[in-house]
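Beneath this line is the structure, given in structure tokens, with notes to follow.
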Amino acid sequence: MVTGHPTIFSVRLHHGGQFTKFPGRKYIKGKQNYVDLLDIDTFSIHDIDEIMEELGHIDSDETLLYYHFLRPFGDLDFGLFALGSDQDVHHLGTYVANHKLIDVYIEHGKTNLHTYSMSPNPNKVKIVEIKEPPACSKQLFLEWNDSPIEHESVPDLTEVENDSHLDKEPSLVDHIEFEMNVENEDDYDVRVKIMIFFIDEDNLIHDVDVDMKDFHMNIGKDVEWVGGSSESNVPEDTQQGDLEVINTAVLLSGSSSDEANDGKRRKTIRAIQRAYENDAALVSEPFYIFQTFSSSKDFKTQVKLHSIRTRREIQLEKNDKNRVRFVCKGTIPNLATNEEEKCPWVIYCSKWKRDIDWMVKTYTKEHRCLQTRKVKACDYKFLSEHIVQVIETNPKIPIRALREQLQREYQMDISHMKTFRAKQQALKHVQGDYASQYRLLRDYVLEVQARNPDTTVKIDVESEANPTVETRTFRRIYVCIGALKRGFAAGRRDFLGLDGAFVKGPYPGQVLSAVALDGNNGIYPLAYAVVESETLNSWTWFLSNLGDDLGLGTNSNFTFMSDRQKGLLPAIATLFPCAEHRYCLRHIHDNMKKNWRGKVFKDLLWECATTSNVQHFHQAMEKLKKLNNDAYEWLKQIPPQSWARSHFTGRAHCDALTNNLCEAFNSKIEDGRDAPIINCIEFIREYIMKKIVKVDKEIQKVVGPLTLTATTILDKIKSKAEQYVATFCGAGKYQVAGPWQDQCIVDVGQQSCTCKRWELTGIPCKHGVAAIWDMGRNDKDVGIPESFVHPCYWLSTWKEMYSFKVSPINGRSMWEKSAIPTTLLPPKHRVPIGRPKKKRTISIVEKEDFVRGNTASRAHRSVTCTKCNNVGHNARTCKGQRPIVGGGGGQSQVKGKGKGKATT
């Protein structure tokens, strides 16, 4: 907008289209062009003619166009005026001073509007159409006021009115056809058709083309026309005209005592309201007069959206039970005077006390203020509602990337913290509220149990002193799906790994899991639980439920693997005293490295654990004793039945030394552990469901009697067995000898070997394979080595294990409501001081093995001073602390403080 120039304006030109009928008139099938920097003092109709010629609408002299302009803040039903003469241009100029954008509409070939009949000089406007021969096609537009015109060109109007062939009244003559001679440069005799409009302004209200059928179709069949039927209010002669006029005073008048008329008035207002709605939809306006809203909240939401889309600061000025008013707080700066004007945009919505809907009563839609990049309506709540799909697709999108995306979309300055809050709110919407999901937990349990038969789900709550209280505080939940029970039993491998992982979020806890191994040495999650922490009580509760599902008792010979978690050791010893409990060797080494570091200690520990017979185990322990007696005594305190293969039983058909199966499972569910309670449990269930299907597809590709892993292991054993010689000793026993003085006794009937590897794994060792080959050379009935492998490694067993599928469940809206009268509440939690930790604690092994680039990093390592032998500083920054002699678990020389020699 150009300030200080009241005569300069712009035109928004609507061309190429046509108007629809009243009410709800629209300009359809058209285009828009903008013309700027026009001066009303020099503006004329010829300027529009030149513009239309440039747009390609005037390609010959026969082109007939009608120009109309729209009064500012008006509508196409009542706000259109003619733009066909200098008086019309003067009328247009009265709006230019306060409104810098004028809408001009073009009609092509014919007009059905009343605007030209309402021109300032209607009786002096004549349009002469001259149809010439095809060789000289020409069309003329003649306008005259008081200037004389030769009678040879225009006939006498009195004679025209008295023409005998007219059947209509003179005041409503549509057109007159007659022949006359026109002298032109080619001396053609042409036929002249003169269109003369004689308008009686008193009859405008009746000169309306009313189609009641179309009217009902456009507005609604419940709407009736004001004033009764068309027969008593619309004369016959006016029904044939093409002009459309309506008396707005009758429609908008609110003073009527007759109830019937009042009802008709409301229906007609509804018709005009729909007309405004159609007009607003045409020009993409969010508001219009008579627009209704179901509540003030909906109206405020729409104003908020308008404020953000237009980047204007719109403020709530009035807000009560029946009225809401918004104004634009933007200003219009004047650079010349350094003064600021207020923006005229305002909207007012109210309702009568007896009504329900809110209606827009006042609306000034033009913004004259400058746009801003800081709008209060664009808060984190608004942003969170518009990034839900982005967060649902990519929950881990970085804040910086999300912020840049929002700033490009809304063209506003959005802070980092606002983006962070919006993302958190969107995550809450996508994943669900942490607290509210506890109320739906029982419904979720019913759905899982209904879709998966024989599924065990147990919820434990805090004890309540008052049993009549309608709420219970959640404590823990245990889940074991029925398909997993049957699959585990079909796997024929009594081995389970136990471990816990942290649950993140506002209600932290632990996810306890029991993970089995399939015949391909893949993880097979069996049961999982969400508990408050890893304690003796929680582990006892979890193992007790697990024992009930698997049918384990105090005398069950089962094998467990764990990391020696707090509370787990006494729980297993109490519930399953006859079970074999193995400790993860990696965690034993982590504890060992606190005092004895180095590769030599690690190699000796590994040698002690991997030897498969007792004699070799004692030999390895003696090596450790010679190296460091303290380390030997420390390792001796740990029962070898828990970490050395030489002392393992063969009941599990597994010689695993680490609890990697649980670590692998915890890494798979890491994303789910950060979600609310139902999402966390459902994440694990869906992961297991997908895993079973995927493994089943891989099984279909396998060819052979054994699983892929068992086949690979046996092939390596066969290659080593070629170097061994078996000697038959009778009774199914063989003496098998090989290189490096390796000689063992094999009992093929008992499927055992003195090296003990066959008993531990269930797969024939190299000595056993050599004995089987020797039996095959002497006895044709002996099968291949694959037939001596334990059934848990058979391909058929693997297929049967994964034939039990986890069934899907319905969405939240289709869950059955629980009949339990009490409501679950989230567990009590005290937020710890400081920022929550997202990364796990790095172990000593990972610290020493830390690599940065192509070099070993010294990160996470302690610095030891060479002067005082203290940890935490070096010799250059030493402050003369008291020397520590013999520290660090070994011999070290420390320099004295004086001139003395170094002390040991």
Side-chain angles (χ1 to χ4, degrees), residues 486-495 516-522 524 557-559 612-613 645 648-656 695-696 698-739 742-804:
R486 298 187 292 271
F488 176 75
R492 302 184 182 183
R493 210 169 190 182
D494 297 338
F495 179 83
L517 283 177
D518 59 18
N520 198 47
N521 282 352
Y524 190 84
N557 296 322
F558 209 82
T559 303
S612 58
N613 56 77
R645 287 176 178 171
F648 287 171
T649 64
R651 297 192 296 261
H653 308 294
C654 176
D655 60 349
V695 174
D696 188 43
E698 296 297 327
I699 292 175
Q700 305 303 324
K701 303 176 184 178
V702 179
V703 178
L706 305 179
T707 63
L708 295 175
T709 302
T711 302
T712 303
I713 294 174
L714 189 58
D715 290 342
K716 293 181 180 179
I717 293 175
K718 289 179 180 180
S719 63
K720 295 179 181 179
E722 295 177 353
Q723 303 178 9
Y724 286 78
V725 178
T727 303
F728 181 64
C729 303
K733 294 184 179 181
Y734 285 83
Q735 177 180 301
V736 182
D742 185 9
Q743 182 173 318
C744 296
I745 301 173
V746 177
D747 189 343
V748 179
Q750 297 294 328
Q751 295 187 359
S752 63
C753 178
T754 53
C755 73
K756 206 178 178 180
R757 294 186 183 276
W758 195 344
E759 301 173 44
L760 290 175
T761 62
I763 300 176
C765 61
K766 54 188 175 182
H767 312 100
V769 171
I772 294 171
W773 283 344
D774 186 76
M775 290 180 62
R777 286 190 293 266
N778 297 287
D779 189 355
K780 296 182 180 179
D781 295 336
V782 178
I784 58 177
E786 284 78 2
S787 62
F788 291 86
V789 177
H790 191 272
C792 68
Y793 296 102
W794 293 356
L795 181 61
S796 59
T797 304
W798 195 25
K799 287 183 178 179
E800 184 182 3
M801 187 176 187
Y802 283 91
S803 64
F804 304 97

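Numbers here simply count residues along the sequence, with the first being 1.
Side-chain atoms of Thr797 never come within 3.5 Å of backbone atoms of Cys792 as a donor-acceptor pair (strictly under, hydrogens ignored). Here the side chain of Asn521 pairs no donor or acceptor atom with the backbone of Leu517 at under 3.5 angstrom.
Scanning for side chain to side chain donor-acceptor pair (under 3.5 Å) contacts around Tyr802 gives Asp518, with sequence neighbours left out. For Lys799, the side chain to side chain donor-acceptor pair (under 3.5 Å) test picks out no residue, with sequence neighbours left out. Annotation: ring-ring contact (aromatic ring centres under 6.0 Å, His included) contacts of Phe488 (sequence neighbours excluded): none. Applying the ring-ring contact (aromatic ring centres under 6.0 Å, His included) test to Phe558 and every residue at least two apart in sequence or in another chain returns Phe560. Looking at residues two or more places apart in sequence or on another chain, you find no side chain to side chain donor-acceptor pair (under 3.5 Å) involving Asp655. The side chain to side chain donor-acceptor pair (under 3.5 Å) check on Asp494 picks up nothing, with sequence neighbours excluded. Evaluation of the side chain to side chain contact (heavy atoms under 4.5 Å, CB included) rule for Ser803 yields Glu800 as partners, not counting sequence neighbours.
At a threshold of 4.5 Å between non-hydrogen side-chain atoms, the residues Phe648 and Thr559 do not count as touching. Residues Cys744 and Val736 fail the side-chain proximity criterion, which asks for heavy atoms closer than 4.5 Å.
The shortest non-hydrogen separation linking Pro764 to Ile717 is O-CD1, 3.2 Å. The minimum heavy-atom distance between Arg492 and His790, with the atom names listed, is O-CE1, 4.0 Å.
Pairs passing the side chain to side chain donor-acceptor pair (under 3.5 Å) check and including a residue from residues 747-764, sequence neighbours excluded, do not occur. Listed by first and then second residue, the ring pair (Phe, Tyr, Trp, His ring centres under 6.0 Å) pairs involving residues 710-737 are Tyr724-His767, Phe728-Tyr734 (not counting sequence neighbours). Among pairs with a residue in residues 705-730, those fulfilling salt bridge (Lys or Arg N to Asp or Glu O under 4.0 Å) read Lys718-Glu786, at least two apart in sequence or across chains.
Atom CD1 of Ile713 sits in a crowded spot, with more than 12 heavy atoms from other residues, nucleotides or ligands closer than 6.0 Å.
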Please report, to 0.1 Å, the donor-acceptor pairs under 3.5 Å made by any side chain of residues 701-711, with sequence neighbours excluded.
from, atom 1, to, atom 2, distance (Å)
Thr707, OG1, Gly519, O, 3.0
Thr707, OG1, Ala710, N, 3.4
Thr709, OG1, Asn520, O, 2.8
Thr709, OG1, Asn520, OD1, 2.8
Thr711, OG1, Thr707, O, 2.7

